[in-house]
Amino acid sequence: MKKIKTQVGIIGAGPAGLLLAQMLYNRGIESVILESRDRAYVRARLRAGVQEQNTVDTFIKEGVGEKLQKNSMVHKGIYLHFNNEKHYLNVEELTGGKVVTVYGQQQVTCDMIDIREANGLPLLFEAKANKITDLREKNSQIHFTHEGEKKVLECDFIAGCDGFHGISRKHIPKKIQQTFQRTFPYAWFGILAEAPPACHEVIYAHSDRGFALQSMRGPNLSRLYLQVPNNEDINQWTADAFFDEFDKRVGAGYQVNRGELINRGLAPMKSFVSEPLRYGNLFLSGDAAHIVPPTGAKGMNLAIADVKILGEAFNRYYKDQDDDLLNRYSEICLRRIWKVERFSWWCTTTTHIAPRQTKFDTKMQLATLSYLVDSKVGGHSFAENYVGLSFREQF
Ligand code: FAS
Ligand code: PHB
């Protein structure tokens with residue numbers, strides 16, 4: 001069986017795996033990325049849109065932010081629509097200058113793939129990791145299938161960046177693993193429409209008909225979401241039915257710009273955390289370790305925050321033979337992960353209408369939203385989470 005060796009074996013070419021590989025390359029550490037899907041599939045995935053300042057700064061610092069700097073949109077605030085009113089939360093003012101950036105996960109994924117391949121670095125597509133062994137030995141092994149052959153990647157460390165449905169989390173022994181989860185009784189029906197967004201910044205809309213969100217992927221691309229039941233048949237919807245419903249939910253005089261639907265998808269909503277993030281030579285990052293409902297725009301940002309710490313931990317190990325940050329990796333990440341899980345859960349339960357929700361529940365949601373817009377403290381609390389919490393230590 002063919003065996004290849006490297007220092008860090010990375011499972012998954014999503015934002016976590018690709019950024020980690022770039023960070024290691026910048027610090028002279030070898031890695032190989034194994035990605036089960038083909039190149040076209042990975043490059044076509046839409047997903048996240050809003051990036052925290054920490055995420056943008058990290059992409060730029062690691063040399064993958066050039067196109068982001070040219071083509072992204074900076075947002076200084078958000079709109080909250082409720083009770084058929086529209087309110088602006090000036091996030092920049094509330095946080096003393098911090099903003100968010102809209103640049104799709106798809107775009108940043110393609111940028112990192114292009115740079116990885118331009119540098120001639122190993123990124124194996126259609127390479128499915130099947131098993132991980134020897135996690136408590138000096139060298140660990142990833143057993144994978146590639147080009148119809150069974151192969152082994154031998155490495156010092158393994159980064160499980162293989163997302164929620166990957167294999168790496170399953171290699172943490174049940175006797176030390178704890179998982180926590182909540183599945184929400186609704187999902188997001190998301191579309192991409194060839195039409196300029198009617199509002200230049202993101203709109204979060206609470207309505208008795210359900211939640212709606214207006215975002216974008218460029219000056220002429222609207223990214224729109226509607227809360228729907230988990231089992232919604234999204235193919236039954238015509239474009240006009242979607243746009244009509246969207247206008248009703250956003251309200252306050254808003255009129256969506258209509259255009260051709262070029263993508264539609266149904267995203268389930270779940271909160272999930274698996275502790276710890278490490279077992280022996282295996283380190284989990286991103287969706288492999290945690291999932292948040294997309295309402296707070298945190299999924300990819302949390303993945304990047306994990307990797308920023310893991311990349312620095314590997315750097316200190318190989319450069320200074322210092323394994324302290326590797327040993328503290330799980331504890332440091334979980335401290336931030338749980339705060340972001342809370343924010344994402346709170347954003348979701350405050351803005352979405354649950355089945356059998358009572359009138360009192362709805363009044364509590366409206367009072368919370370009203371508090372955000374009427375109170376500087378309430379607005380600041382939302383804003384500091386939205387732009388991205390700072391780390392307790394600097395990395
Ligand atoms: P990813 O899931 O992106 O990447 C994991 C990679 O590992 C995949 O490419 C997968 O093919 C690969 N893999 C899996 N098993 C493997 C194996 N055995 N061998 C090799 N490779 C393997 N976040 C937001 O902030 N806003 C949003 O609007 C939003 N919308 C989303 C919609 C959907 C449908 C989904 C699923 C997620 C969404 N997210 C959103 C969250 C999303 O952006 C994730 O947080 C982000 O992709 C996490 O990145 P990674 O941890 O790299 O995992
Ligand atoms: C998106 O653009 O996909 C997006 C924006 C804001 C969110 C969630 C998703 O809160």
Side-chain angles (χ1 to χ4, degrees), residues 43-52 56 67-68 70-82 84-89 91 99-111 186-207 209-228 232-269 293-301 347-348 351-352 386:
R43 293 182 70 94
R45 271 189 316 219
L46 279 180
R47 296 195 171 171
V50 168
Q51 297 185 18
E52 296 174 354
V56 171
K67 286 189 179 175
L68 180 157
K70 279 194 199 123
N71 304 319
S72 62
M73 294 163 279
V74 171
H75 284 192
K76 299 185 174 180
I78 64 154
Y79 286 90
L80 286 177
H81 283 223
F82 55 93
N84 204 26
E85 306 155 356
K86 117 176 166 176
H87 301 270
Y88 187 62
L89 269 187
V91 163
V99 294
V100 291
T101 299
V102 175
Y103 187 68
Q105 173 174 329
Q106 178 189 17
Q107 293 157 285
V108 80
T109 299
C110 290
D111 297 346
Y186 34 72
W188 273 12
F189 171 15
I191 66 157
L192 195 60
E194 278 186 333
C199 177
H200 69 293
E201 290 184 311
V202 176
I203 297 176
Y204 295 82
H206 173 284
S207 89
R209 302 174 69 94
F211 174 78
L213 187 149
Q214 183 225 257
S215 183
M216 62 288 290
R217 287 293 180 276
N220 295 306
L221 274 178
S222 293
R223 180 69 166 148
L224 310 174
Y225 299 96
L226 288 176
Q227 171 193 340
V228 292
E232 183 74 11
D233 179 355
I234 60 173
N235 294 313
Q236 292 307 308
W237 286 68
T238 63
D240 276 338
F242 185 100
F243 294 130
D244 292 346
E245 181 63 25
F246 197 81
D247 281 345
K248 286 175 188 155
R249 293 192 189 186
V250 177
Y254 173 92
Q255 275 215 315
V256 71
N257 291 329
R258 302 184 181 220
E260 192 195 343
L261 265 58
I262 53 177
N263 183 285
R264 65 172 77 195
L266 188 70
M269 299 183 81
T295 321
K298 291 301 171 196
M300 185 177 77
N301 291 301
C347 283
T348 304
T351 55
H352 291 60
Y386 192 69

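None of these values were measured; they are calculated from a predicted model.
- Between A195 and N257, the shortest heavy-atom contact is CB-O, 3.4 Å.
- A donor-acceptor pair under 3.5 Å is formed between the side chain of R264 and the backbone N or O of I234.
- We find the CZ-SG distance between R45 and C110 to be 10.0 Å, quoted to the nearest 0.5 Å.
- Taking 4.5 Å as the limit, every side-chain heavy atom of I262 sits out of range of all side-chain heavy atoms of I191.
- The aromatic rings of Y79 and H200 stand perpendicular to each other, their planes meeting at an angle above 60°, with 30° marking the opposite boundary.
- Here the side chain of N301 pairs no donor or acceptor atom with the backbone of Q51 at under 3.5 angstrom.
- Within the 4.5 Å cutoff, side-chain heavy atoms of S222 are placed close to those of P197.
- Of the N and O atoms on the side chains of Q214 and Y254, at least one donor lies less than 3.5 Å from an acceptor on the other residue.
- One N or O on the side chain of S207 and one on the backbone of R209 form a donor-acceptor pair closer than 3.5 Å.
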Would R47 and Q106 count as a side chain to side chain contact (heavy atoms under 4.5 Å, CB included) here? Give the steps.
CA-CA 7 Å; R47 296 195 171 171; Q106 178 189 17; over 6 Å; no
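- With values rounded to the nearest 0.5 angstrom, Y225 atom OH is found 6.5 Å from S215 atom OG.
- Residues E52 and K298 form a side-chain contact, since some pair of their non-hydrogen atoms from C-beta on lies under 4.5 Å apart.
- Shortest non-hydrogen contact noted between G259 and A193 is O-CB, 4.3 Å.
- Between L192 and L46, some side-chain heavy-atom pair lies under the 4.5 Å cut-off.
- For the atom pair Q255 CD and C199 SG, the distance stands at 14.0 Å (nearest 0.5 Å).
- The two atoms that bring M269 and P294 nearest to each other are CE-CD, 3.9 Å, heavy atoms only.
- Residues N220 and E194 fail the side-chain proximity criterion, which asks for heavy atoms closer than 4.5 Å.
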Show your working on side chain to side chain contact (heavy atoms under 4.5 Å, CB included) between I78 and I203 and close with a plain yes or no.
CA-CA 6 Å; I78 64 154; I203 297 176; over 6 Å; no
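- Between D244 and R258 a salt bridge is recorded (basic side-chain N to carboxylate O distance below 4.0 Å).
- Residue R43 holds its CZ atom at 9.5 Å from OG1 of T109, rounded to the nearest 0.5 Å.
- The minimum heavy-atom distance between Y103 and D111, with the atom names listed, is OH-OD2, 2.5 Å.
- Checking side-chain atoms of Q227 against main-chain N and O of F211 turns up a donor-acceptor pair under 3.5 Å.
- The shortest non-hydrogen separation linking P268 to L266 is CD-O, 3.7 Å.
- Contact record, E245 with L226: CG-CD1, 3.9 Å, taken as the closest heavy-atom pair.
- N84 contributes no side-chain N or O that, together with a main-chain N or O of G251, makes up a donor-acceptor pair within less than 3.5 Å.
- Taking 4.5 Å as the limit, some side-chain heavy atom of H75 sits within range of a side-chain heavy atom of M216.
- Using the six-membered ring where Trp is involved, H87 and F82 have ring planes that are parallel, under 30° apart on the 30 and 60° scheme.
- A donor-acceptor pair shorter than 3.5 Å can be found between the side chains of E232 and W237.
- With K67 contributing its side chain and Q107 its backbone, the two residues share no donor-acceptor pair below 3.5 Å.
- Using a cutoff of 4.0 Å between basic side-chain nitrogens and carboxylate oxygens, E201 and K76 are not scored as salt-bridged.
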Does the side chain to side chain contact (heavy atoms under 4.5 Å, CB included) test come out yes or no for L224 and F243, once each step is laid out?
CA-CA 9 Å; L224 310 174; F243 294 130; 3.8 Å; yes
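- Rounding to the nearest 0.5 Å places OG1 of T101 at 9.5 Å from CE of M73.
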For L213 and V202: C-alpha separation, side-chain torsions, deciding distance, then whether side chain to side chain contact (heavy atoms under 4.5 Å, CB included) applies.
CA-CA 7 Å; L213 187 149; V202 176; 4.1 Å; yes
